[in-house]
> 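Please read through the structure below; I'll follow up with questions.
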Amino acid sequence: MESNDVLEELLIVEAEIQDVEDQIRALIERQDKLYERKSELKAILEACEESGKQVNSGAPGTVEDWSGPFEWDSEADDVRLNIFGISSYRLNQREIVNAVMSGRDVLVIMAAGGGKSLCYQLPAVLRDGIALVVSPLISLIQDQVMGLTALGIPAYMLTSTTSKEDEKFIYRALEKGEGDLKILYVTPEKISKSKRFMSKLEKCHHAGRLSLISIDEAHCCSQWGHDFRPDYKNLSILKTQFPNVPLVALTATATQRVQNDLIEMLHIPRCVKFVSTVNRPNLFYMVKEKSSVGKVVIDEIAEFIQVSYPNKESGIVYCFSRKECEQVAKELRERGISSDHYHADMDVHAREKVHMRSCLAVLNPLSLESGVILAGVLETK
Ligand SMILES: Nc1ncnc2c1ncn2[C@@H]1O[C@H](COP(=O)(O)OP(=O)(O)OP(=O)(O)O)[C@@H](O)[C@H]1O
């Protein structure tokens, strides 16, 4: 074959590939829309079956006004301001709080850093009893518990790192209502693997003390999501076992298909859905060509950090492998940057130590002599 012929065929093949990709994209969009309509129709049908009313085509949840006024408005404002120190709600937060306070199941899609935590933490403080929060990572849980404790809210976590003493306190609070426990964080494995925990939770619910259930990073439920966790699948038991307890599922990243999937999996067909933009105007992206020489790459990273963040602010460097994490952190230290590695292969105490350093820096950077750079891979294990 002449090289011109090859070139010609290559162009044709590339054009065909492009065409197929366009068709696939259009079909996926169409499928997402159909999934959405399917779950709306199923929810309408269920609502009609319950109320015995005529079927109409309006989507559930769309006509309800969650902005208020509600009887808990002034108490909510008081707690928001005086406990959480937040002067006004961000987009959708008020409405979400009101829907949860009204006892509804809620699906929240909100950008990272958009303020999802307040949406369940505020109702958790307002409602009587204990709120259960399922979160995928011990480090995220530690972060939340530390923050809540600093605000004077009795929050605990029940994970592999929990001391025997705290475990006893938590079980007594669940079973007998003793002690001051308002928000309890667990990993999904606790729900799927600990019969003891589930039996205590059942007792808490039976006594009317389970105030709400929150599922953070809910996209982990869906096999279509980017971060599927098998143990999240078993969270379907929560709505089956505690049908009258409001369930809040929160995520920053869920396509229409993932949203539908998790509504189905969590058994919350009549949930109120709040979708805020996932655009983050405060994020700045820059792509730089990477040198093929490892040492030069590290030199460039170090220079970028030192020039861009001369005040030793905290930050994260993501790497592909655990080994690379350790290597990059070590080499940054050698270049005078306070850094540590963080990955799932470290024991929990070593991870906690690194995490606390970074948390301190994030929470109160001025109190540190130097910032911390985490060269880490955050893994959902
Ligand atoms: N209404 C508000 N006004 C000002 N700050 C707020 C408000 N709501 C939340 N925040 C603050 O915004 C920050 C991010 O909130 P939060 O951690 O809840 O975000 P998130 O949506 O859970 O993010 P991620 O997806 O990364 O976990 C926190 O410091 C929180 O105190």
Side-chain angles (χ1 to χ4, degrees), residues 66-68 73 76-101 106-126 131 133-153 155 157 182-183 185-188 212-222 225-227 229 232 248-255 258-259 262 273-283 313-316 318 342 355 358-366 374 376 378-380:
W66 294 106
S67 54
D73 280 352
D77 285 345
D78 182 41
V79 172
R80 170 176 51 74
L81 187 63
N82 296 313
I83 296 187
F84 287 95
I86 286 177
S87 56
S88 60
Y89 286 113
R90 285 187 186 151
L91 183 71
N92 282 343
Q93 282 180 323
R94 177 196 297 279
E95 288 76 9
I96 295 166
V97 167
N98 287 335
V100 179
M101 288 301 291
V106 177
L107 173 62
V108 179
I109 319 287
M110 195 185 274
K116 288 186 283 301
S117 314
L118 187 77
C119 300
Y120 65 85
Q121 288 173 351
L122 181 48
V125 174
L126 292 174
V133 184
V134 183
S135 182
L137 286 172
I138 291 181
S139 56
L140 286 181
I141 293 180
Q142 280 169 339
D143 211 13
Q144 294 281 358
V145 171
M146 263 170 32
L148 288 165
T149 307
L151 297 175
I153 298 166
M157 56 192 242
K182 208 67 200 140
I183 307 185
Y185 282 83
V186 296
T187 53
L212 66 92
I213 297 168
S214 170
I215 299 181
D216 208 2
E217 312 292 346
H219 58 274
C220 298
C221 289
S222 171
H226 60 277
D227 219 355
R229 286 273 294 271
Y232 258 75
V248 196
L250 309 105
T251 174
T253 47
T255 60
V258 172
Q259 291 172 31
L262 57 97
K273 202 159 102 176
F274 293 93
V275 183
S276 325
T277 174
V278 289
N279 181 31
R280 302 280 307 274
N282 57 330
L283 287 188
E313 296 94 329
S314 299
I316 299 178
Y318 288 98
Y342 184 103
H355 183 233
S358 75
C359 272
L360 264 181
V362 171
L363 290 175
N364 189 8
L366 295 178
L374 272 177
L378 286 172
E379 285 164 293
T380 49

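Both counts, for ligands and for their atoms, begin at 1 and track the order of listing. As a basis for the values below, the full set of heavy atoms in this structure was taken, side chains included, without hydrogen atoms, waters or symmetry mates.
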> Any side-chain donor paired with an acceptor under 3.5 Å for Gln144 and Ser117?
yes
> Applying a heavy-atom distance cut-off of 4.0 Å, which protein residues contact ligand 1?
Ile86, Ser88, Tyr89, Arg90, Gln93, Ala111, Ala112, Gly113, Gly114, Gly115, Lys116, Ser117
> List in chain and number order the residues that pass salt bridge (charged side-chain N to carboxylate O under 4.0 Å, His left out) with Arg94, two or more places apart in sequence or in another chain; answer none if no residue qualifies.
none
> Determine, stepwise, if the pair Arg80 / Tyr89 fulfils side-chain contact (heavy atoms from CB on, under 4.5 Å).
CA-CA 9 Å; Arg80 170 176 51 74; Tyr89 286 113; 3.4 Å; yes
> Please evaluate residues Ile86 and Leu118 with respect to the criterion side-chain contact (heavy atoms from CB on, under 4.5 Å), reporting the C-alpha separation (whole Å), side-chain torsions for both, the decisive distance (0.1 Å), and the verdict.
CA-CA 9 Å; Ile86 286 177; Leu118 187 77; 4.1 Å; yes
> For Tyr120 versus Leu212, what's the shortest heavy-atom pair and its separation?
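For Tyr120 versus Leu212, the nearest heavy atoms are O-CD2, 4.0 Å.
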> What is the minimum heavy-atom distance between Leu250 and Cys119, and which atoms define it?
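Heavy atoms of Leu250 and Cys119 come nearest at CD2-CB, 4.4 Å.
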